[in-house]
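Here is the structure we will look at, set down as structure tokens.
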Amino acid sequence: MTQYGFYIDQTRCIGCFTCAVACKDWHDIDAGPAKWIRIKEIEKGTFPDLYLAFLPIPCFHCVDPACVKACPTNAIIKRESDGIVIVNQDLCLGKSECGSKCLKVCPWDSPQFGSLENAKMEKCNLCIDRIENGKQTICVEACPVYALDVAPIEELIKKYETFNEAEGFKSSEKIQPSVVFKPKI
Amino acid sequence: MINEEKIIYTACSNDCGGGCIFKAHVKDGKIIRIETDNDNEPQYRACVRGRAWRQRIYAPDRLKHPLKRVGERGSGKFENISWDEALDTVANELLKVREKYGPASTIVLHAIGDDNNIHTHAPFWRLFNLAGGFTGTWAFFSFEQAMFSEIATFGMPMVRNSSSALLDSKMIILWGCNPAVTRHETKATWYMKQAKEAGTKIVCIDPKYTRSAAILADKWIPIKPTTDTAMLLAMAYVMIDEDLYDHEFIEKYTYGFDKFSDYVMGEEEGVPKNPEWAEKITSVKASDIEELAREYASTKPAALISGISPSRSAYGEQYTRATITLSAMTGNIGRKGGEVSSRTYPGGKYQNAPFLFGLGAPFPLPEEKNPVMERGPFQSHLIPDAKRIAKGTVGINTHQVADAILKGKAGGYPADYKAIFIPCGNYVNQDCNTNKTVKAFKSVDFIVTLDHFLTPSAQYSDIVLPVASLFERNEIMSTVNGGPYWAFAPKMIEPVGESKTHLEIAELLAKKMGITNFNDKTEDELNEASYNTIRPVLREFPDYEIFKQQGILKIDVEEPYIAFKEQIEKNLPFFTPSKKIEIYSQRIAELNNPEIPPIPKYIEAWESLSDPKAKQYPFQLLTSHSIRRSHSQFDNIPWLRELVKQEIFINASDAESRGIKTGDMVRVFNDRGEMIIPARVSERIMSGVVDLPQGAWFNPDKDGIDRGGCANVLTLDRTSPAGGLVTNCSLVQIEKSQEGGTTK
């Protein structure tokens with residue numbers, strides 16, 4: 001089975017949010033709480049010895065996704081062909097009816113809910129509409145400093161010198177997020 | 001009928017300098033998505049502001065009809081009227097003002113708006129000139145001091161290398177420059193990051209630890225705002241004292257270095273401008289200054305990139321002149337991997353000077369003679385001429401418009417100003433001292449604004465006209481700063497609501513004003529005429545029809561452009577009286593103004609932390625660029641608003657002593673205005689300095705306290721000696737608001 005995943009070069013990310021807004025435009029998501037890709041800002045130190053890093057957080061399409069197991073209606077599916085984790089909103093009970101079980105088990109809060117009452121879960125689908133047509137994801141093509149890449153994870157590991165963790169990101173051996181990094185030290 | 005999704009190229013029109021490439025997906029007459037450049041490298045990828053354009057086009061608050069004010073100015077009460085009524089009113093009121101007070105009484109008050117050449121202020125300049133003239137404004141918001149200094153020193157402005165040449169730099173000094181946020185040029189940050197990855201050392205000098213510092217800098221040197229020149233002089237001192245400068249370059253290509261050297265070494269005034277002297281002024285450790293001077297002098301090539309922000313200070317001319325002097329002392333001018341100075345605009349035939357200010361091809365119709373004002377191909381103010389300024393023949397200084405309106409002839413201005421026509425721009429919000437501007441706007445007889453939204457400036461207008469956006473008209477665009485590439489920016493959707501293009505509005509207004517010879521060409525014919533004016537310069541350009549089809553024309557350049565390469569390699573003359581780089585400027589000397597000395601000197605700024613006023617208002621206000629706005633554009637766009645709050649950055653120790661925590665509502669004030677906004681407590685800013693990103697929309701409550709966080713409520717409407725904006729010279733006080741509430 002092929003497993004698609006992310007490469008994030010944290011040394012390049014300027015936290016400019018371009019990927020996040022490009023994602024909202026491509027997937028036609030309103031402003032509001034549903035953010036398929038979020039940017040975490042990590043600030044450390046005291047003046048003038050400072051450290052500042054950013055971390056884009058989409059869904060990491062885990063090898064053994066906790067959300068899939070937690071969903072009471074099997075609305076979350078891990079695709080055999082490419083390992084992409086998608087949600088079938090027709091089956092999703094909605095955030096209040098089910099109590100957002102998927103969100104509670106995700107270490108990175110990737111399942112997202114819009115502002116409507118009992119909103120159905122939505123999240124990064126790795127732009128399957130683009131990937132299936134041989135195109136790159138919208139976030140990768142948006143990044144002005146070429147900090148992102150999406151490909152089968154084995155290819156990413158071959159292409160870059162990679163690490164499993166980065167500043168602001170702790171991996172999980174159990175659920176194996178499909179992401180590798182060049183961390184900012 | 002099947003309407004297929006079409007992908008249409010265009011280029012972003014935001015006034016940041018980028019002009020990045022868009023691929024708009026259009027279906028059933030609507031734009032449904034916008035991609036950026038994903039073609040062959042070099043790709044010109046749009047930033048976050050550009051990516052939010054779709055929400056701007058279809059924003060619920062987009063103006064869809066002409067509006068007539070029905071409440072007091074600023075009350076926000078308007079009603080829809082027809083175009084016919086709107087333009088009748090505009091024509092009648094402007095003619096009334098003109099008959100009573102003369103043509104100079106109408107100010108055409110423009111900012112850049114979009115980076116266009118047809119759908120901009122240009123048609124209105126022609127129209128009002130044909131109608132008898134108008135008063136225009138001079139002085140750029142962004143870089144008046146920098147351009148003045150470049151003209152004085154080199155004889156021409158807009159001189160710098162292509163940013164791809166930074167790949168050859170062994171060292172980069174980013175001085176008061178945050179390209180990761182401001183862009184200014186599409187790929188600048190990327191080239192610098194690539195240079196860094198290849199081992200180039202990058203030093204950032206800035207009162208704030210910016211995103212650029214975080215991602216690019218090996219070393220961050222915080223410096224007290226307005227004192228940059230003192231540090232530059234001390235670096236020159238080290239280079240002279242330790243004999244580290246490039247004697248050959250100085251002797252061969254520069255004029256007047258000895259006078260500068262005498263001043264720096266203390267032989268002129270008895271005070272050596274050494275690192276210890278500079279430490280007291282700048283708060284930068286003398287040892288840091290020494291180390292940087294030595295490293296910069298010995299690492300070749302090295303690029304000292306002087307951001308234009310520090311030049312927007314009381315004596316900002318000195319800063320830019322000092323950076324050029326250091327670039328010369330290190331022999332980094334005319335050299336790949338070096339840099340000239342401020343990177344206001346790129347050099348090279350592809351983007352700049354032949355086409356006014358790089359904003360595209362020239363407006364294809366003649367501007368016509370303005371009976372009350374003269375203009376030149378470059379704006380005539382660049383070496384200030386007191387006589388012409390006094391007579392008003394170059395218009396009024398952009399930043400003194402409110403003062404001129406309020407004082408008129410009685411206050412020594414050339415005319416009494418009674419009508420304001422704003423073809424593009426958000427003056428109330430974007431020039432200094434908003435409350436004074438509001439007072440001035442409330443005092444005139446008639447104001448017209450063209451815009452997409454009811455901006456703060458539109459709020460004070462009598463008639464507001466909805467204009468077509470980038471996607472709703474045809475235009476030729478070029479990147480202002482990057483590239484090189486040119487774009488045909490086609491009309492791909494119908495104008496939203498009843499919006500009309502700038503050209504259409506000018507044509508309709510011409511008819512109403514009885515001007516018969518305004519224009520007999522179509523929009524397409526005008527674009528073709530524009531295009532044909534640039535084709536002789538750019539022989540690579542195909543026929544107009546092919547260009548239109550192609551959409552984007554990336555120009556293949558073998559080598560990056562290096563400013564003054566010929567002057568250095570072939571010893572050709574510079575454009576100054578001495579034919580050399582004038583460290584001592586003979587033209588400045590002729591001005592005989594101690595506030596603009598002929599050699600770069602440190603002059604203590606007014607409204608700086610060393611001003612006695614700092615006892616009452618102890619914080620220096622910076623008005624940086626927000627990542628979610630292009631100046632004041634996009635402030636209302638939800639996709640961007642949700643990214644970062646409009647908040648004032650304050651140093652952690654300053655905040656602690658005032659009991660301020662992140663999210664607390666704070667009162668920020670000085671003699672000019674007051675606002676209540678959330679605080680952001682941070683280690684990333686120097687003590688004694690606060691930063692409020694400019695461009696947030698002015699939103700006064702019933703007591704006149706701004707709730708929008710418009711930085712210009714606090715800024716001072718005084719200009720530098722060359723007439724430049726001085727947004728870095730405002731002192732403020734900050735305290736926890738009585739309202740106390742903590743926002744999320």
Side-chain angles (χ1 to χ4, degrees), chain A residues 9-39 41-54 56 115 127 129-130 134-148 160-161 167 182 184, chain B residues 18 20 25 31-38 43-55 178-181 183 186-190 192-194 196-197 209-216 219-222 627-628 637-644 651-653 682-687:
Chain A
D9 184 342
Q10 194 177 31
T11 70
R12 286 182 178 174
C13 180
I14 49 179
C16 70
F17 302 103
T18 308
C19 54
V21 170
C23 172
K24 286 213 158 187
D25 179 56
W26 185 262
H27 297 289
D28 202 19
I29 302 162
D30 282 339
K35 298 177 168 70
W36 290 15
I37 188 161
R38 292 155 291 143
I39 315 295
E41 188 172 321
I42 305 126
E43 191 181 315
K44 292 193 293 192
T46 52
F47 179 92
D49 300 310
L50 296 169
Y51 170 93
L52 177 63
F54 301 92
S115 50
C127 291
D129 54 328
R130 297 174 64 92
K135 293 175 82 176
Q136 189 45 279
T137 63
I138 197 78
C139 54
V140 170
E141 285 192 354
C143 182
V145 287
Y146 304 78
L148 297 174
Y160 305 100
E161 189 189 345
E167 190 60 50
K182 180 174 180 185
K184 183 170 180 182
Chain B
C20 309
H25 293 235
I31 293 171
I32 55 165
R33 287 162 166 169
I34 298 174
E35 284 182 284
T36 192
D37 190 1
N38 52 9
Q43 289 178 351
Y44 298 100
R45 295 185 173 191
C47 75
V48 65
R49 281 91 67 183
R51 300 309 290 254
W53 249 107
R54 187 164 65 88
Q55 252 195 358
N178 183 14
V181 170
R183 274 270 161 141
T186 307
K187 294 188 86 74
T189 307
W190 170 236
M192 284 186 233
K193 180 65 188 160
Q194 276 190 293
K196 182 182 163 70
E197 287 176 4
Y209 190 67
T210 60
R211 279 176 158 80
S212 300
I215 213 67
L216 295 171
K219 185 171 184 173
W220 171 51
I221 301 178
I627 198 144
R628 69 167 166 89
I637 302 304
W639 274 341
L640 296 171
R641 280 191 84 83
E642 69 180 0
L643 301 176
V644 282
N651 171 275
S653 59
S682 175
E683 297 284 350
R684 281 157 59 188
I685 187 163
M686 291 178 82
S687 171

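Note that these values count all heavy atoms, side chains included, but never hydrogens, waters or copies made by symmetry. Only a predicted model underlies this, so the values are computations on that prediction, with no experimental measurement involved. Numbered from 1 within each chain, the chains take letters A, B, ... in sequence-line order.
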To the nearest 0.5 angstrom, please state how far the CZ atom of B:R45 sits from the OH atom of A:Y146.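 That separation rounds to 4.5 Å.
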How many angstroms lie between atom CG of A:D28 and atom CZ of B:R54, to the nearest 0.5 angstrom?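 If we round to the nearest 0.5 Å, A:D28:CG and B:R54:CZ are 4.5 Å apart.
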Against chain A, label [X] side chain, backbone, both or neither, depending on which of its atoms sit under 4.5 Å from a heavy atom there.
| X | value |
| --- | --- |
| B:R49 | neither |
| B:Q43 | both |
| B:V644 | side chain |
| B:I34 | both |
| B:A46 | backbone |
| B:I221 | neither |
| B:L216 | neither |

Compare all side-chain heavy atoms of [X] with those of [Y] and state whether any distance is below 4.5 angstrom.
| X | Y | value |
| --- | --- | --- |
| B:R684 | A:L52 | yes |
| A:F54 | B:R211 | yes |
| B:E683 | A:D49 | no |
| B:W53 | A:D25 | no |

Looking at B:I215 and A:I14, what are the two nearest heavy atoms and their distance?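 Looking at all heavy atoms of both residues, the shortest contact is CG2-CG2, 3.4 Å.
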Taking all heavy atoms of B:T189 and all of A:V145, pick out the closest pair and write down the distance. CG2-CG1, 4.1 Å
Max heavy-atom pair count under 4.5 Å with chain B, selected residue of A:G32, A:C19, A:A53: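 Answer, by heavy-atom pair count under 4.5 Å with chain B: A:G32.
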Evaluate the ring planes of A:F47 and B:W220, with Trp represented by its six-membered ring, and classify them as parallel (under 30°), tilted (30 to 60°) or perpendicular (over 60°).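 Ring orientation of A:F47 relative to B:W220: perpendicular.
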Any donor-acceptor pair under 3.5 Å from A:K24 side chain to B:A52 backbone: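 Looks like no, no N/O pair under 3.5 Å.
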So does B:E35 get a backbone contact from the side chain of A:W26, meaning a donor-acceptor N/O pair under 3.5 Å? no
Should the pair B:R51 and A:F17 be classed as cation-pi, given the thresholds of under 6.0 Å to the six-membered ring centre and 45° from the axis? no
